[in-house]
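Quick notes on the structure that follows.
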Protein chains: 2
Amino acid sequence: MADPVPAPDELDLGLLLFIPYRAMENRVFAALAQAGFDDFSPAQARVLQRIGPDGTRLTELAESAQVTKQTASHLVDQLERTGYVRRTPDPTDARARLVRIAERGAAAQPVAAAVVAEVEAEWRAHLGERRWGQLRAALAELREITDPYR
Amino acid sequence: MADPVPAPDELDLGLLLFIPYRAMENRVFAALAQAGFDDFSPAQARVLQRIGPDGTRLTELAESAQVTKQTASHLVDQLERTGYVRRTPDPTDARARLVRIAERGAAAQPVAAAVVAEVEAEWRAHLGERRWGQLRAALAELREITDPYR
DNA sequence: GACGATGGTCAGCAGATCGAACTAATCTCG
DNA sequence: CGAGATTAGTTCGATCTGCTGACCATCGTC
């Protein structure tokens, strides 16, 4: 979303951010599919990605992925059916349930991590060490004022 | 998509890009809604945003928005029904039709542009002139190897 | 002028996402 | 303690997104 009439060589920052994001997503997705993890959707992956090592509550997942609880619940349903995650009771709150990575999910993680590392290495090589560092630093700083979750 | 178990303070670049992108999108979307342009969806906006000043072919829109021609066609249908765009024949090719911004679309543009400028100004202030310039430069450079379209 | 390539549409389906309404457990405070 | 407000999560129903496949018209080329 952004300026509908961008100057030709001066795209607004929204698009500028979106383009590489999309590229990363596509790469990871393709690699996972090739490794046999082809039974989940991008939307499911966006949820999966946000599950912490000790499990994460559904509401938290929903917030951090910026979707409604209903949507998150639905996506977790599917991920559960295909064996990527498991719902376990939250010992500290009987209303809540922790979504945890299950076997299949754990198997997919290293594959995803490897591709991310690979793509980052490519980008780093293209930008050069200095620009790469600047990019990471600027984005981290930007996150302080744009991350609604945490 | 990315590393499902990111180190706490070292998010992978995919997410790092996504967070501010999403923030920008939300801001622009909210401002447009408040200005009375609340009858279109994010997906429609992503197409709308890519229409050039002299009109753009459907196929081009589809490529640049990374959706199929059918999806783009459908979104343009809706945008046409609500008065944001118009389909006109392409004088250079009788098969093709140019999608052009219509009255309502033209009215929305300045609003969108203003918010983008506003958000960019905020970010710029937060980052400082130098980091801001570095961010733009790095993203533009990254685009060279991540933009599948052009 | 026939044939493959290109621009676009139509039809139909799976998935994503939302709002509303609801249940169950927890918290707050008089 | 117990009533009411809050929070976690689910179910239902509707809409929107986006895909595949099939198809038509035009263009460009040999």
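Letters A, B, ... are given to chains in the order of the sequence lines, protein chains preceding strands, and every chain is numbered from 1. Values reported hereafter were calculated over all heavy atoms of this structure, with side chains retained and with hydrogens, waters and symmetry mates removed.
- OP1 or OP2 of D:dT10 has at least one side-chain nitrogen or oxygen of A:Arg97 nearer than 4.0 Å.
- We find that CD of B:Gln44 is positioned 16 Å from P of C:dT17, with the value rounded to whole Å.
- Here the P atom of nucleotide C:dA11 and the CG atom of B:Asp77 are 11 Å apart, to the nearest Å.
- Map A:Val67 and A:Ala94 each onto its nearest nucleotide of DNA chain C; the residue landing nearer the 5' end is A:Val67.
- Donor-acceptor pairing under 3.5 Å, judged by distance alone, is present between the side chain of A:Gln70 and the base of C:dG19.
- We find that A:Arg27 and A:Glu118 are joined by a salt bridge, their nearest charged nitrogen and carboxylate oxygen being less than 4.0 Å apart.
- Partner of B:Tyr84 under the side chain to side chain donor-acceptor pair (under 3.5 Å) criterion, out of B:Gln44, B:Arg104, B:Glu103: B:Arg104 alone.
- Residue-level contact check: B:Asp93 touches the backbone only, with heavy atoms under 4.0 Å from sugar-phosphate atoms and none from bases.
- Under the 4.5 Å side-chain criterion, counting only non-hydrogen atoms from C-beta, A:Phe37 is not in contact with A:Phe29.
- Proximity of B:Arg87 to the phosphate of C:dG8: no side-chain N or O atom is located under 4.0 Å from OP1 or OP2.
- Distance B:His74 NE2 to C:dG12 P: 14 Å, rounded to the nearest Å.
- For A:Thr71, no side-chain nitrogen or oxygen approaches OP1 or OP2 of C:dA16 to under 4.0 Å.
- Computed from coordinates, the A:Asp90 CG to C:dA24 P distance equals 19 Å when rounded to whole Å.
- In this model, the phosphate group of D:dT10 is approached by a side-chain N or O of A:Ser73 to a distance below 4.0 Å at OP1 or OP2.
- The aromatic rings of A:Phe18 and B:Tyr21 are tilted relative to each other, their planes meeting at an angle between 30° and 60°.
- Put simply, CG on A:Asp39 is 15 Å from C1' on C:dA14, counting in whole angstrom units.
- Salt-bridge formation is not detected for the pair A:Arg50/A:Glu60: no Lys NZ or Arg NE/NH1/NH2 atom is positioned less than 4.0 Å from an Asp or Glu carboxylate oxygen.
- For a distance-only test at 3.5 Å, the side chain of A:Arg95 fails to qualify as a donor-acceptor partner of the base of C:dT26.
- Remark: P of D:dT6 and CZ of A:Arg57 are 18 Å apart, rounded to the nearest angstrom.
- Within the structure, every side-chain polar atom (N or O) of B:Thr68 is placed at least 4.0 Å from both OP1 and OP2 of D:dG18.
- Using a 4.0 Å cut-off, some side-chain N or O of A:Gln78 falls inside it from OP1 or OP2 of C:dA16.
- Distance, B:Leu98 CG to D:dT26 C1': 15 Å, rounded to whole Å.
- The CG atom of B:Leu75 sits 15 Å away from the P atom of C:dG8 (whole-angstrom rounding).
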